[in-house]
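Data block below; observations after.
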Amino acid sequence: MELAKAYNPKEVETRRYDWWDKHGYFKPEAQKHIDPNEKPFVITIPPPNVTGTLHMGHALTLAIEDLMTRYARMKGARTLWVPGTDHAGIATQAIVEKKLEKAGKRRRDMSRSDFVEEVWEWKDYSHKVITEQCKAMGISADWQREAFTMDDDRSHAVMTAFKQLYDKGLIYRAKRMVNWDPVQLTGVSDLEVEVAEDGEPGHLWTIRYPIETNRWDGPQYEWGSGRWAEGATEWITVSTTRPETLLGDTCIAVNPEDDRYATRVACHAYVPCAARRIPIVADKHVDPNFGTGAVKVTPAHDFNDYDIGVRHHLPFVEVMDEHAKMNAEAGPYAGLDRYACRKHLVADLEKEGLLVKVEDYAVRLGRGQRSGAVIEPRISMQWFCNMQTMGKAAGDAVRNKQMSIVPERFEKTWFHWLDNIRDWCISRQLWWGHQIPVWYVSPEPSALSHQPNRPTQYCEVSEAAAYAKAVSDWGPEVQLLRDPDVLDTWFSSGLWPFSTLGWPDVNHPDYKAYYPNAMLETGYDIIFFWVARMVMLGIELTGKIPFDTVYLHGLIRTADGKKMSKSRPDKMIDPLELIDSYGTDAVRYFLVTAGTPGNDIKMDARKEGGKWRSDRMEGARNFANKLWNATRFVLTKVESEKWKAESVSAHSLPDRWILARLNQTIVEVRRLNDDYQYGEAGKLIYDFIWSDYCDWYLELSKLNLNAPVLVPVLDSALRLLHPFMPYVTEELWQALNEVKSAKAKVESENYPSLMLAPYPKADHETISTQPSALADMTLLQEVIRAIRNVRAEYKVPLEKRIPAILSAGAAATMLNEQREAIAMLARVDVTALTIADTLPAPDGCVTAALGEVTAYLPLAGLVDMAAERARLSGELELTSNLINRSEALLVSDFAKRAPPAVIDKERSKLAELIAKREQMQAQLAKM
RNA sequence: GGGGAUGUAGCUCAGUUGGUUAGAGCGUUGCGUUGACAUCGCAAAGGUCACAGGUUCGAGUCCUGUCAUUCCCA
């Protein structure tokens, strides 16, 4: 195979992905290398929402999960990655509604089925885009097992799950106060309400209510007449951020400890405008330090007030409708929007002399996660899921170490949330989603001959099943009406790790083979929305914790550290654009090495000429190219040399060194990968390939080529890197195998693809038997660097070959063996290279003292000896300082208390420094 | 109010269980191009590890407090 001069990702990626996919290599059934000691690795994709396209967060998720997956597969674990997408109820419905709006259509004018059909069309489009993007990222997921939260199998799982929980009494229907989104016209869960940390600019109105006395028993005049409160003599003053709700007030509350109001408790006040006579009650939850210490209580429109209302048996007066417009209860304000009402009401309060003051105030406003609308607490009939026992079980799973969370610190968040969990409002007044599988007998049973022990509602997995039951209870005439609500989208995602594997059919081969999953990997921002729900529902429904490990990655942030939000499209980065500029491997390498587990990643990307640029991705692209060219070099060399399959017994120093380094790297990379420290692992591979293999080993191989080392080391490096950079490594590995088999008739070990080949295993013997190779090579490198350093310092032209004298002590033999290497890499004249145990310094030379070795470079004609003297003196001083430090250390308590190994290390370091100092002193004395 | 995270070179970030000259990439400076790679090579400069205490023979690393930035929960 002829390789291009530079790596061109575009030429490789699509072709290579299709090739993997076509051969079925993503399927667990295709694996060639199974290590019985490895536990199966099963992971399910966090299903992207079919709301549009993927963003950087998805790219990060996919990069990490594919790394995990490819690594596990190469290690020999039976590996399955299930892909899929999420219908994302409320979010998708909002997008389609917006799209229809542009075409002048409104959901409310359409039939439910017509609208749902529109959403399915959008789903098909979005799904296609998302799938292509996932494939562009190179993910090795088994597409034949792809799932969608609303496909038939998943819908069946949802219906079954609902029924099981319903039958256990864990799902119930109740009229409760919920967070109501007046734009999307649905209740939402607590998690879907977002509150700005510092509140939003608003006002605090202070209003007085007239108190009933024996001289005044309520307003005599019309509201708005300016005389409404005429005759009142006593007042109670309250503060509120929401004056319009006073129309629904049913009491005023004060703290029982608050002496200011002791005489007021049990009195009655009159609600402005409504003229409703309401009690003043004492309730210990009232904060006496807020405002005047007295608060108005609107049980139908505020969560705290709702609780007070329940405690004091107050009436619940609703003054707003589902659109947050004032209803008939609001009297003169009926029909007005809540904010218009507020404006008019405040004006009227002023007119009636009831407005005491208005102050600026930061209001903690809850907003709908998807719509941004200000949430209105509202009493409505909803379905709830009881979370008490499930929450406890999910907490225990972590407490009992049956499931681990990485990084560990998220365990605190986990416990805190689960220990304070409240029931989950699972119904949504939407059209897109899983319709609740409950049917009501209709018309109302009272119209039939109602009997108390006949059920009037049926929860079944299908309409047919519901009718079957109803008919047997009520006779063939019975009519059923299905609950119109749909389920919270997270209900179906909560079943994801098992609904994708065939549940509720517990005999499904996938369920039996692959459940529970090994890993759940996702961003920490959905730990409650998704992870906790999967664990709770998984334990409850399957009796098993759905995965062993939860790995949480950080969030992608913009260059200025902000969250990448859809509200700022100018800051959004499209991963495909980056892939287009740098290639998938570079994007992936950046993403997995940019950060540490659980910590956010700041993108260094900036816009230049309309395109995103990233220095770090550029670096990663360069790395791919470096590897490409290194392989290209190896291939041309090996093709031109006589390839020998059998190993050469007499390995040179560089051979022994690179093998030892490779094995060290394998040990460390495996350890780091197993510990999820992918960033560090990636850097180690980078350094091994670039600094060790390319900069030193390949350079030295130009002198003396040993293909049986050169090629296998590269082969191992490609394997190590494959989970990080799948495309370029596969492409090069194929090219390498072609040469191997053509030259040596090597069966490429029966692995048709790098992704199916075994991950390198360390040969510990190579490391333990080669400490000398590592030490010798390090010394050789130091000698070469020292000479290069001097050359650069004195600007000796590159083409100038210089003489060198090495007084090398015990290293003389080794260095003599490497004289050609020294000559080549330090550009020394090999005929003028003298190496011996001890050699005197010649006149007029530059000295590089290395401790064991001293290099004398006779450069008299080329350098200013005064400058050399100054340089050497400077270096001497530095060395002397280090010696003083070291000597002081060794006579201190350090020598008594530190472990012997550490002391020995310090001693040998000191000895080396002293030798170095002597070399320099001798040289200076001579000059 | 409660709980996290972060603060290390000009920039973006590493830094395992404390071990004594704190690392990388990019950027900067100097030199370099007949071949694996200019998407490159060689060399250099650059850091009181936010601050103040403490523990220890020894602290970027452990403890306490302070400051700054930031996130989550209520």
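The sequence lines fix the lettering, A, B, ..., with proteins before strands; numbering per chain opens at 1.
Taking only side-chain nitrogens and oxygens, A:K626 never comes nearer than 4.0 Å to OP1 or OP2 of B:U39. Residue A:R885 places at least one side-chain N or O closer than 4.0 Å to OP1 or OP2 of B:U21. When the side-chain nitrogen and oxygen atoms of A:K909 are compared with OP1 and OP2 of B:U20, none of them lie within a distance under 4.0 Å. Residue A:K702 has a polar side-chain atom (N or O) positioned under 4.0 Å from OP1 or OP2 of B:A36. Taking side-chain N and O atoms only, A:K637 has no distance below 4.0 Å to OP1 or OP2 of B:A36. Contact annotation: A:N622 reaches the phosphate of B:C40 (side-chain N/O to OP1 or OP2, under 4.0 Å).
A:R632 and A:N629 are linked by a side-chain donor-acceptor pair at a separation below 3.5 angstrom, with hydrogens and angles left out of the test. With no hydrogens or angles considered, a side-chain donor-acceptor pair links A:E868 and A:Y794 at under 3.5 Å. For A:Y524 and A:D600, the side-chain atoms include at least one donor-acceptor pair closer than 3.5 Å. Side-chain contact of A:D283 with A:N255: a donor-acceptor pair under 3.5 Å is absent, judged by distance alone.
Closest approach to the A:T596 side chain among B:U21, B:G15, B:U20 is made by B:G15 (side chain taken as heavy atoms from C-beta onward). The nucleotide whose nearest atom lies closest to any side-chain atom of A:R621 is, among B:C13, B:U20, B:U39, B:U39. Nearest nucleotide to the A:L882 side chain, out of B:G15, B:U21, B:U20: B:U21. Considering only side-chain atoms of A:E699, the nucleotide from B:A36, B:U20, B:A43 that sits closest is B:A36.
A:D287 meets the side-chain contact (heavy atoms from CB on, under 4.5 Å) test with A:N289, A:F290; sequence neighbours excluded. A search for side-chain contact (heavy atoms from CB on, under 4.5 Å) contacts involving A:S404 returns A:T549, not counting sequence neighbours. Contacts of A:T665 classified as side-chain contact (heavy atoms from CB on, under 4.5 Å), with partners at least two apart in sequence or in another chain: A:R661, A:V669, A:F688, A:L720. When the ring-ring contact (aromatic ring centres under 6.0 Å, His included) test is applied to A:F633, no partner is found at least two apart in sequence or on another chain. Take A:A821 and apply the side-chain contact (heavy atoms from CB on, under 4.5 Å) test, not counting sequence neighbours, and it matches A:L700, A:L703, A:Q818. Take A:E194 and apply the salt bridge (Lys or Arg N to Asp or Glu O under 4.0 Å) test, not counting sequence neighbours, and it matches no residue.
Comparing B:G58 with B:U21, their P atoms sit 15 Å apart, to the nearest whole Å. Using P as the reference atom, B:C51 and B:U33 are 45 Å apart when rounded to the nearest Å. Comparing B:G18 with B:U39, their C1' atoms are spaced 41 Å from each other, to the whole Å. For the C1' atoms, the distance linking B:U48 with B:G32 amounts to 37 Å, nearest Å. Nucleotides B:G2 and B:A45 are separated by 48 Å at their C1' atoms, to the nearest Å. Distance check on atom P: B:G10 versus B:G47 gives 7 Å, rounded to whole Å. Atom P of B:U70 sits at a distance of 28 Å from the matching atom of B:G53, rounded to the whole Å. With C1' as the reference atom, B:C13 and B:C49 are 14 Å apart, rounded to whole Å.
The OH-C1' distance, from A:Y582 to B:G25, rounds to 14 Å in whole Å. Whole-Å rounding puts the A:R632 CZ to B:U39 P distance at 13 Å. Whole-Å rounding puts the A:N884 CG to B:U20 C1' distance at 15 Å. Between the P atom of B:A24 and the CG atom of A:D604 lies a distance of 19 Å, rounded to the nearest Å. One atom, CG of A:N625, and another, C1' of B:G41, lie 14 Å apart when rounded to the nearest Å. Residue A:D674 contributes atom CG, which lies 18 Å from atom P of B:U16 at whole-angstrom precision. Rounded to an integer number of Å, the gap from CG of A:L910 to P of B:U21 is 12 Å. Between the CG atom of A:L714 and the P atom of B:A36 there is a distance of 16 Å, rounded to whole Å.
The salt bridge (Lys or Arg N to Asp or Glu O under 4.0 Å) pairs that include a residue from residues 583-593 of chain A are A:D66-A:R588, where partners are two or more places apart or lie in different chains. Sorted by first and then second residue, the pairs that involve residues 881-901 of chain A and meet side-chain hydrogen bond (donor to acceptor under 3.5 Å, both in side chains), not counting sequence neighbours, are A:S886-A:E906, A:D893-A:K896.
Distance alone, capped at 3.5 Å, is enough to place a donor-acceptor pair between the A:D423 side chain and the A:M387 backbone.
Ion pairing between a basic and an acidic side chain is recognised when a charged N comes within 4.0 Å of a carboxylate O; A:R785 and A:E782 show no such pairing. Between A:R613 and A:D604, no side-chain nitrogen of the basic residue sits less than 4.0 Å from a carboxylate oxygen of the acidic one, so the salt-bridge criterion is not met. Note on A:E200 versus A:R367: salt bridge recorded, some NZ/NE/NH1/NH2 to OD/OE distance being below 4.0 Å.
No engagement by A:N420 is indicated, since no non-hydrogen atom pair under 4.0 Å with the nucleic acid exists. Residue A:W414 is classed as having no contact, given no heavy-atom separation below 4.0 Å to the nucleic acid. Nucleic acid contact for A:L684: none, since no nucleic acid atom lies under 4.0 Å from a heavy atom of the residue.
In this structure, B:U48 forms no base pair with any nucleotide, since neither Watson-Crick nor G-U wobble geometry is met with both distances under 3.5 Å. In this entry B:C40 has B:G32 as its Watson-Crick or G-U wobble partner, both defining distances falling under 3.5 Å. Across the strands present, B:U69 finds its partner in B:A5; the criterion is a Watson-Crick or G-U wobble pair with both atom distances under 3.5 angstrom. Shown here, B:U20 forms no base pair; nothing in the strands shown gives a Watson-Crick or G-U wobble contact with both key distances under 3.5 Å. Both distances falling under 3.5 Å, in either a Watson-Crick or a G-U wobble arrangement, occur for no nucleotide opposite B:U56.
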Nucleotide by nucleotide, 5' to 3', does protein get under 4.0 Å of the base (B), only the sugar-phosphate (S), or neither (-) in nucleotides 68-74 of chain B, counting heavy atoms?
---SBBB
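Between A:L889 and A:G619, the residue anchored nearer the 5' end of RNA chain B, judged by the nucleotide with its closest heavy atom, is A:L889. Both A:F623 and A:R409 lie near RNA chain B, and the one whose nearest nucleotide falls closer to the 5' end is A:R409.
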N/O-N/O pairs, protein side and nucleotides 27-34 of chain B side, under 3.5 Å:
residue	atom	partner	partner atom	Å
B:G30	O2'	A:K795	NZ	3.3

Provide a list of protein-nucleic acid N or O atom pairs under 3.5 angstrom, restricted to nucleotides 44-47 of chain B.
residue	atom	partner	partner atom	Å
B:A44	OP1	A:N789	ND2	3.1

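The number of heavy atoms from other shown groups lying within 6.0 Å of CZ (A:R422) does not exceed 12.
Between A:W690 and A:F623, the angle of the ring planes stays under 30°, which puts this pair in the parallel group of the 30/60° scheme.
Only A:D893, A:F894, A:R897, A:A898, A:P899, listed by number, bring a heavy atom of residues 890-901 of chain A to less than 4.0 angstrom from any atom of RNA chain B.
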